[in-house]
Structures are given as structure tokens and as C-alpha cells.
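Down below is the structure, laid out as C-alpha cells.
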Amino acid sequence: MEYPFTRIEKKWQQIWRERRIFNPPDFPDKPKYYVLSMFPYPSGVLHCGHFSNYAISDAISRLKMMEGYAVMQPMGYDAFGMPAENFAIKHNSHPRITTEENIAAMRVQFDFMGFGLDWEREISTCRPEYYKWGQYLFKKLYEKGLVYRKKSWQNWCEECQTVLANEQVENGQCWRCHSEVTQKELEQWYFRITDYAEELLDFSKLIDWPERVILMQKHWIGKSEGTRIEFPLEDGSESIPVFTTRPDTVYGVTFMALPPEHPLVQKWLEEDPDNRELHDFCHKVINEDKLLRAAEDTTKEGVFSGRYCLNPLNGNKVQIWVTNYVLMDYGTGAVMAVPAHDQRDFEFARKYGIPILLVIQNPQQDLVLEQMTEAYVEPGIIANSAPFDGMDSEAAKAAISARIEELGCGQVTSTYRLRDWGISRQRYWGNPIPVIHCPQCGVVLVPDSDLPVLLPDNVQVGKTTSNPLLSVPEWYMTVCPKCGAAAKRETDTMDTFVDSSWYYARYADPKNDKAPFDPAKAKHWLPVDQYIGGIEHACMHLLYARFIGKFMRDLGWLDCDEPFSRLLTQGMVLKDGAKMSKSKGNAVDPGYIIDRFGADTLRVFLLFASPPDKDVEWSDDGVMGAFRFLNRVWRLIEGNLDAIRRGLQLNVKLEEVTPPLRDLLFSTHSTIKKWMDDCQNRMQYNTAIAAVMEHLNHCVAVKDPARLKDSDLAVFAEACGVIPQLIYPFAPHVAEELWQMLGHEKLLHDSGLPACKEEFLQRASVTYVVQVNGKLRGKLEVAPDIDPEELKKLALEVENVKHSLQGWTVKKVIVIPGKMVSIAAGKQ
RNA sequence: GCGAAAGUGGCGGAAUUGGUAGACGCGCUGGACUUAGGAUCCAGUGGGAUACACCUGUAGGGGUUCGAGUCCCCUCUUUCGCACCA
């Protein structure tokens with residue numbers, strides 16, 4: 001017989017809805033707990049990965065409710081973006097329509113699972129009431145000088161017909177469609193995330209973020225400390241700033257390396273239209289595949305520009321080369337080349353016969369220039385550097401930097417690998433950038449009263465090769481809000497990561513039509529206490545959201561430094577070792593599983609299969625195992641209902657409990673203890689469930705419960721009676737039903753945590769293991785408070801121990817309280 | 001190349017501070033029961049062996065320790081992130 005999961009699940013979903021247990025007020029009288037899962041893109045289907053994510057967040061949420069918190073667990077849709085646009089093209093429809101249809105379809109699936117979500121707070125980023133405030137936020141950023149426009153070489157995805165931010169390029173491919181990313185020169189809007197680089201490196205306010213994610217962000221931001229030095233051009237007209245982490249090698253500079261994109265190089269190209277060599281080289285390199293050009297094994301190439309600059313420290317003439325190995329967008333976009341002490345410069349200098357000058361000597365073994373096959377990059381003793389000779393090179397870094405600052409030709413500084421966030425997208429289905437381009441006034445922000453800039457509906461989606469909004473003149477043709485002249489709207493839309501960089505705050509006040517949210521409400525609910533999502537967003541969404549969170553704090557809208565206190569990166573759901581996907585044909589339909597075994601079974605399976613942060617390997621048999629477990633729980637309680645209900649009225653009198661039930665009593669309380677530790681401290685639900693299974697096995701083993709004497713019956717009833725509480729976070733529907741059957745009035749979220757009573761954790765006897773030289777040789781059942789000396793004596797008298805000690809001499813006996821006696825013996 | 005994490009039965013995974021390796025589940029083997037089910041219950045299940053005083057075993061090799069899956073050194077493999085960052 002299978003337990004009636006369909007009836008039960010429907011019933012409790014309805015009761016929860018009616019009692020509004022998942023709809024906390026704005027200012028609850030209990031302490032708050034904010035649980036958030038990264039919102040999904042509305043594809044129309046929830047797959048196993050979603051369910052695994054939400055099963056985890058729902059378990060946390062229900063646990064916190066039992067613990068007495070007012071829990072908010074909202075849900076919404078990351079609805080703008082390329083996939084929606086492509087989906088609509090494929091179905092010959094409009095993204096607005098397909099997106100809303102998909103949202104409706106997904107809502108049904110959410111409901112089937114019975115997740116404790118507050119649907120009154122639902123948001124969808126593609127609705128004007130939401131994106132209006134994204135535009136407002138853009139304006140705030142602009143007003144604070146954190147938005148600018150710049151023409152430069154962009155990561156361009158031909159397939160998606162749009163640019164991509166650096167974070168969105170993976171191994172030279174688009175993060176979404178995995179087609180090759182090329183370079184295109186475009187004028188783009190940027191958010192100055194680099195202004196927050198230093199603060200983004202401060203991870204101290206994050207309580208439980210995976211070390212891995214912190215490390216990834218740290219590397220991504222890539223702070224490096226060094227010195228900025230100005231190298232004046234020979235003619236004195238201007239100077240080239242460089243950034244170096246090796247100021248100790250300045251005297252060894254023999255050439256200057258510039259990328260073709262460098263403004264000075266661009267200027268020279270204009271001045272010397274006839275310099276074919278330079279023109280050809282620059283043209284070739286700029287149009288080269290960026291990935292290829294950046295590859296480490298790409299041959300270093302360059303041409304001499306024919307110009308010189310001067311080393312500010314000694315006045316030496318320095319050749320200026322245009323090369324393919326310097327990046328325009330890192331540091332100052334120029335490198336002082338020290339071939340003796342930098343491998344790249346070394347290779348380049350050898351290839352083009354540029355002089356090499358040793359300025360650091362290896363203290364172990366003198367370097368001889370002619371014999372060097374690679375650069376010497378280790379610290380050493382300064383040489384050929386006039387006043388600094390003989391100094392330790394590490395000390396010289398500071399000394400030479402100080403000298404540079406004294407001379408006024410540079411300063412100690414830091415530079416970051418992180419670039420500003422390019423947020424323009426040449427796509428239709430996104431939030432319009434609230435800007436008007438006026439021929440007279442230039443860039444003009446759309447006044448607040450005109451927000452939102454509504455996305456027009458009548459766009460020829462997918463038919464254009466250029467920005468789709470350019471096909472709607474009646475939309476982009478407008479008048480300048482300042483001077484009234486004919487003007488043109490910005491036709492780029494915002495990166496969808498802008499939408500998701502502040503949504504967590506909107507949930508605190510999702511229907512506000514006067515502001516993005518009421519700061520008082522947001523300050524109450526934020527930060528998010530537990531955030532859950534995939535690790536793929538480590539350097540994208542999670543970095544952007546931290547940045548915008550800090551910005552909103554600086555506006556006074558929030559009072560937390562970090563939007564997400566705790567982060568859990570959940571694993572993927574795999575089948576046959578590979579990520580489930582429709583294209584691979586290995587996807588499992590969660591709908592079928594729910595129909596056949598119920599939502600609780602699916603949840604238990606997903607949570608039991610592995611710890612939350614590890615991948616889950618799908619297994620049909622595993623689902624059966626979860627189903628069997630819930631059936632066993634059902635049969636235990638339903639089959640002994642009268643006895644349990646009777647026993648729950650009785651008190652446990654310890655002295656009257658018979659030994660087998662004494663063990664069950666211990667099991668009840670040690671299980672509660674382990675369960676609490678696993679759920680609250682370790683966030684390891686697989687072992688929490690395993691502990692309940694083990695306890696269930698003990699309960700089931702009790703024979704003829706109805707005939708137990710009072711104290712034994714009380715123990716049995718308590719043992720069984722606590723199980724609904726223990727499975728509530730994982731299988732809430734069946735838990736709630738059983739809890740009600742046991743006669744409880746309150747719902748489980750309001751039942752408090754099960755109590756572990758220390759006095760029942762005392763056992764009548766303890767098993768000690770006896771080891772001889774690390775090998776298990778016997779066991780002892782003794783009183784828990786046995787005298788150690790007595791215990792040693794007993795251990796040495798164990799038959800098997802005596803036998804294995806024959807011909808050996810005992811050297812030491814070690815007692816590990818409650819666990820073992822270890823005997824060290826030697827040959828004598 | 002650099003950085004990080006990991007490697008435990010036939011499988012998913014336990015072992016939290018160095019203390020009985022393999023909890024729990026799946027699968028498998030044998031049995032019981034049966035209004036034959038995707039049922040339930042009982043027993044067994046790391047590998048050996050001369051099968052209850054044994055040996056061996058956590059990728060491989062060394063080391064520390066009374067005791068190592070856990071700590072240290074070396075090697076191998078896998079996964080992930082970054083990748084000319086000056």
C-alpha cells in the first residue's frame with residue numbers, strides 16, 4: 001500500500017495558502033530570516049536543477065520557521081534577455097506573450113512542489129512596474145558619476161548580435177550560446193564598478209560564503225600593487241604613464257612596449273599615413289582574434305615606432321615599440337620593458353635585437369648576460385642602478401618608488417584586473433536605457449516623470465541585423481526634455497544582470513510605485529540571510545549584486561554592507577555523470593516523478609542523494625528509496641496511531657523503561673541532537689535524513705507496541721511522534737498530515753524544534769574498543785563512569801587481547817574516554 | 001603555466017577535533033509471506049583466506065603517531081577557475 005500522497009499534498013498546499021504562513025508582514029514581531037534562491041529565467045519548465053535548488057531553500061526556510069523566525073522566501077523571474085527573445089522568434093510570437101505564458105506554466109509547477117514561497121511578493125523584471133525602477137537606478141548611478149559612455153573595442157557575439165561584458169566571456173566564447181566572441185568597436189555605456197574594487201575585495205562581512213567563490217572574486221578583481229611612472233617623450237610633448245609591480249627594475253628598462261590601440265600610437269598613425277609597416281602591423285593585430293592574440297604561446301611581435309622616450313630616473317633614451325603582447329585595458333595600457341627580468345620582454349628583446357641590461361644580480365650565482373636563456377625574475381641584489389646598487393631588490397622597490405615620487409614623475413598605486421562593467425546590449429528584450437541624445441544638449445536623462453521608458457511592442461524581433469529598437473522610429477524619435485528640439489532615444493538596452501543586481505531589495509517592497517522600495521522595509525529584511533544558487537555566477541551576478549548593493553547603501557537606501565550574508569552554491573543534477581539537458585536527451589521529467597511518487601519523495605531524494613553543495617547523481621532507484629522511506633514512516637505512525645496517541649499522554653519514567661526501549665529512548669534524543677547539528681550548523685541534509693532513517697529503523701524494530709507497559713509506550717510514542725518534526729523540512733506535506741493525525745492542533749512550522757533531553761543521552765553502558773598496536777582486538781561493555789585504571793586492567797584481561805599480546809611487552813596503555821583503550825606493545 | 005578542490009565498496013555517499021573505515025540509501029544474495037506488488041518482512045553483503053583468536057583495505061609511494069581516510073613530503077588522476085595582468 002502506498003500512502004495517499006496526492007490527496008495529502010493538495011490538502012496541505014491549500015491549508016498553507018489559506019493560513020498565509022508564507023506571507024510575512026513588512027515588519028513582523030518575530031526576528032526575521034530572509035531566504036532567497038536565485039530567481040529563474042522563465043523558460044516555461046522547471047527542471048530538476050531548479051527543484052534541487054528550491055528543495056534546499058525550502059528546507060532552510062521551514063527549519064527557520066520552526067526555530068521561531070518570521071521567514072520571507074520570495075520568488076520571481078529574471079525575464080528579460082536573449083533567451084526570451086530567441087524563444088519568441090522560434091515560436092513566432094512576441095517575448096511579452098511567451099514570457100507571461102511561461103511564467104504561468106512555471107507557477108503551476110511551483111505549486112505542485114508545495115514550496116513555501118510568498119507569491120504576494122512575486123516580481124518579473126520585464127514588467128514596467130519593475131524595470132521603471134531599474135531605469136531610476138541607472139539615473140542615480142549617472143548622477144553620482146558612476147555611469148559613462150566610451151567608445152572602445154568590445155566583446156561581440158555574432159550569434160547573439162550583442163556585446164558582452166568581460167565577465168560574460170568564457171574561454172573566448174559567449175557564456176550563453178558558446179559561439180566565438182570577436183572584437184567590435186562600439187560606443188558603450190559603462191558602470192564604474194572599479195570605483196568599488198577595493199571595497200569589493202573586503203569579504204569580511206560575508207559569514208558563510210564558500211571559500212571558492214571568494215577566491216574567484218578575488219582573482220577576478222585582481223588587485224596588484226606597484227608604481228605608476230611617467231616616461232616623457234624625447235620631444236617633451238607629453239609622457240607615457242606605465243604601471244609596474246617591479247619599480248626595482250626601472251634602471252633596466254631598454255624599451256617601451258605599447259599596444260596598437262594605445263592613443264599615442266593612434267595619433268602617430270594619423271601623423272604618418274605613409275608608415276606602411278606600422279599601419280599594416282596595427283591593422284593586423286587589432287583585427288586579430290582576441291583570444292588568439294592573448295594566448296600565452298602566441299609569438300611576440302612588434303615594430304619599432306621610430307620614436308623614443310626618456311627614463312625619468314637616469315635620462316636614458318628608450319626605444320618605443322608597438323607590440324602585440326600588451327593589453328590596452330590593463331594598468332595604463334603601456335609597459336616599461338625590462339628584458340633582463342621579465343620573460344615576455346626577454347623573448348621580445350632577443351627576437352628584435354634590443355639591448356638587455358642586468359639590474360638585479362642573483363646572489364647565489366652571478367648571472368652572465370650572454371649565457372642567459374631566460375629572464376631572471378627572482379629577487380636579488382641591485383646592480384647598474386646608480387645610487388641603489390648593492391641594495392636588496394625587495395627593499396629597493398620602496399626606495400626607488402620613493403625616489404620616483406620625490407622627482408614627481410610617478411607614485412605608488414594599485415591597479416586592478418577588474419574592468420568597468422559594460423552594460424549596453426544591442427538587443428530588444430531588455431530594459432531601455434533612460435537616455436535621450438539631443439544634437440544640442442548631448443546626453444540628456446529622461447526625467448523621472450517620464451519613467452518608465454516603455455519598451456515598444458511593435459518591434460520586428462529577429463528580423464534585424466542591427467539593434468532591433470532602431471526599427472521603431474516612432475519610438476526612438478522624440479524631443480529633448482531640455483531644449484525641446486528633435487532628439488533620439490538611446491536604442492541600446494541594459495544587460496539583464498542590471499535587473500538582477502537589485503531585485504533582492506525589491507522583494508522587501510515589491511508593489512511600491514513611488515520608489516524602488518521603501519528603505520525602512522528593505523532595511524528590515526536585508527541582508528538576505530541565506531542565498532542559494534549556482535556557482536556559475538561567482539564573478540557575474542554575485543559581483544554585480546555586491547556592487548549595486550554597496551551603491552544602494554551609499555544612497556542611504558540600505559544599511560548593510562553586503563546584500564547576501566550567507567551563500568550556498570548548490571550542485572548540479574547529473575544523469576550518467578553529465579548535466580541533464582534536453583539536447584543530450586538525458587533530462588528527467590520532474591512532473592512525472594511528482595505524479596507517481598509525490599513532491600515529498602522528489603524533495604527527499606534530491607536532498608538525500610548528496611550534500612547541498614555537491615552534484616546530485618540522478619537515480620530512479622534512489623527515488624524509489626526515498627518513496628519507500630516515506631511509506632515506512634507512514635506505516636509506522638498510521639499503523640500504530642492509537643498506541644502512539646495514547647503513549648503521547650504518558651510520561652517517561654526512566655527507571656521503569658526496559659532495556660530495548662531504553663535504547664530507543666537514546667536513539668530518539670541522539671537523533672534529535674545529530675539532526676539539529678546537521679540542519680543548523682553543518683547544512684548537511686543528507687546526513688540529517690540518514691539519521692532519521694536510522695531512527696526509523698529502531699522504531700520499526702519494536703515488536704507489538706500496543707502491548708507495551710506505560711513507560712515503554714511513552715518512549716515508543718515519543719520516538720515515533722517526533723518523526724514528523726524531523727522530516728518536516730524535507731517532506732513537509734506528509735509530515736504535516738501525520739502530525740495532525742497524532743492530534744496536534746498547531747501546524748508544524750509553529751511547533752518549535754524537537755527538544756533533545758540530555759538526561760536521556762546517558763547510556764547504561766558504554767562500548768569500549770580495545771586496540772593492540774592500532775589493531776582492533778576486543779570490545780568491552782562497561783559503565784560510563786568507569787575508573788580508567790580499572791578499565792585498563794579489564795582491557796588487558798580480554799581473552800583476545802591476552803592472546804595477541806603473547807610474546808610482547810606492554811609499554812603504554814592509553815584510554816580515550818568513552819571510546820577506546822589503546823595498548824602499545826613491543827617485542828622483548 | 002598559475003590557483004583551488006577532490007580521489008573511500010558494484011553505485012550515491014558517511015566517518016564533525018587524528019580514535020571501531022564503509023553510517024544511511026541503492027543494488028545484489030538467500031529466506032519468509034502473499035487477495036503476485038515498482039509490495040512487505042527477516043538475514044547477509046569491501047576484498048582475501050585454511051570463513052568466529054587471521055590477513056588485507058580509503059588513487060600510488062614514503063613519513064609522524066600507541067593509533068592516519070583525516071596531519072606532513074613526493075607522485076599520479078579528475079574537476080573547476082584564471083590564463084601574456086606588466
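Throughout, protein chains are lettered first and strands after them, A, B, ... in sequence-line order, and every chain is numbered starting at 1. Computation of the quantities below employed the complete heavy-atom set of this structure, encompassing side-chain atoms and omitting hydrogens, waters and symmetry-equivalent molecules.
Backbone-only contact: A/Arg635 has heavy atoms under 4.0 Å from sugar-phosphate atoms and none from a base. Backbone-only engagement by A/Met216 is indicated by non-hydrogen atom pairs under 4.0 Å involving sugar-phosphate atoms exclusively. Contacts of A/Asp342 with the nucleic acid, taken as non-hydrogen atoms under 4.0 Å apart, are absent. Within the nucleic acid shown, A/Lys779 comes within 4.0 Å of at least one base atom, counting heavy atoms only. When heavy atoms are screened at a 4.0 angstrom cut-off, A/Asp677 is found touching base atoms of the nucleic acid. The residue A/His219 sits close only to the backbone: its heavy atoms come under 4.0 Å of sugar-phosphate atoms, none of a base. Backbone-only engagement by A/Ala824 is indicated by non-hydrogen atom pairs under 4.0 Å involving sugar-phosphate atoms exclusively. Across all strands, A/Lys218 comes closer than 4.0 Å to no nucleic acid atom at all (heavy-atom distances). Within 4.0 Å (heavy atoms only), A/Gly625 reaches sugar-phosphate atoms of the nucleic acid but no base atom. Contacts of A/Val692 with the nucleic acid, taken as non-hydrogen atoms under 4.0 Å apart, are absent. Here A/Arg419 lies in heavy-atom contact (under 4.0 Å) with a base. Contacts of A/Asn166 with the nucleic acid, taken as non-hydrogen atoms under 4.0 Å apart, are absent. Within 4.0 Å (heavy atoms only), A/Gln771 reaches at least one base atom of the nucleic acid. Here A/Glu211 lies out of heavy-atom contact (under 4.0 Å) with every strand.
In summary, the side chains of A/Ser667 and A/His695 do present a donor paired with an acceptor at a separation below 3.5 Å, with no hydrogens or angles considered. At a cut-off of 3.5 Å, with distance as the only test, a side-chain donor of A/Arg546 or A/Gln217 sits close to an acceptor on the other residue. For the 3.5 Å distance criterion, the side chains of A/Glu225 and A/Ser414 fail to qualify, holding no donor opposite an acceptor. A donor atom on one side chain and an acceptor atom on the other are found under 3.5 Å apart for A/Asp678 and A/Thr687. A/Trp808 and A/Gln806 form no side-chain donor-acceptor contact under 3.5 Å, judged by distance and modelled atom types alone. In the model, A/Glu301 has no side-chain atom that pairs as donor or acceptor with a side-chain atom of A/Tyr325 under 3.5 Å.
A ring-centre distance under 6.0 Å is not found for A/Trp634 and A/Phe627. Checked against the 6.0 Å centroid threshold, A/Phe255 and A/Phe348 count as a close aromatic pair. For A/Phe203 and A/Trp209, the ring centers are positioned 6.0 Å apart or more.
Secondary structure note: stems in RNA chain B built from 3 or more consecutive Watson-Crick or G-U wobble pairs under 3.5 Å occupy B:1-7 with B:76-82, B:10-12 with B:24-26, B:27-32 with B:40-45, B:46-48 with B:54-56, B:59-63 with B:71-75.
A gap of 28 Å separates the C1' atoms of B/U58 and B/U50, to the nearest Å. Atom name P, nucleotides B/G27 and B/A39: the rounded distance is 9 Å, in whole Å. Distance check on atom P: B/A21 versus B/C74 gives 29 Å, rounded to whole Å. With both ends at atom C1', the span from B/A68 to B/U79 equals 26 Å, rounded to whole Å. On the C1' atoms, B/A32 is 47 Å away from B/U77, given to the nearest whole Å. Separating the C1' atom of B/U8 from that of B/G60 is a span of 15 Å, rounded to the nearest Å. With P as the reference atom, B/C26 and B/C42 are 13 Å apart, rounded to whole Å. Across B/G25 and B/G46, the matching P atoms stand 15 Å from one another, rounded to whole Å.
Sequence order on RNA chain B of the closest nucleotides to A/Ile689 and A/Arg682 puts A/Arg682 first from the 5' end. Residue order along RNA chain B, read from the 5' end via each residue's closest nucleotide, puts A/Asn697 first among A/Asn697 and A/Lys812.
Note on ring orientation: taking the six-membered ring where Trp is involved, the planes of A/Trp175 and A/Phe497 are tilted (angle from 30° to 60°). Ring pair A/Phe730/A/Tyr685 is tilted by interplanar angle, where 30° to 60° counts as tilted.
Chain A approaches RNA chain B within less than 4.0 angstrom (heavy atoms of the protein), and the contacting nucleotides run 5' to 3' from B/G3 to B/A86.
In this structure B/A51 sits in the syn conformation; its chi angle is within 90° of 0. B/G9 has its base syn relative to the sugar, with a glycosidic angle deviating from 0 by at most 90°.
Taking the charged nitrogens against the carboxylate oxygens, A/Glu167 and A/Arg419 have no contact shorter than 4.0 Å, which rules out a salt bridge. Looking at A/Arg777 and A/Glu799, no side-chain N of the basic residue comes within less than 4.0 Å of a carboxylate O on the acidic one, giving no salt bridge.
Taking a 4.0 Å limit (strictly below) on heavy-atom distances, residues 253-261 of chain A does not reach RNA chain B anywhere.
The minimum heavy-atom distance between A/Thr227 and A/Ser401, with the atom names listed, is OG1-OG, 2.9 Å.
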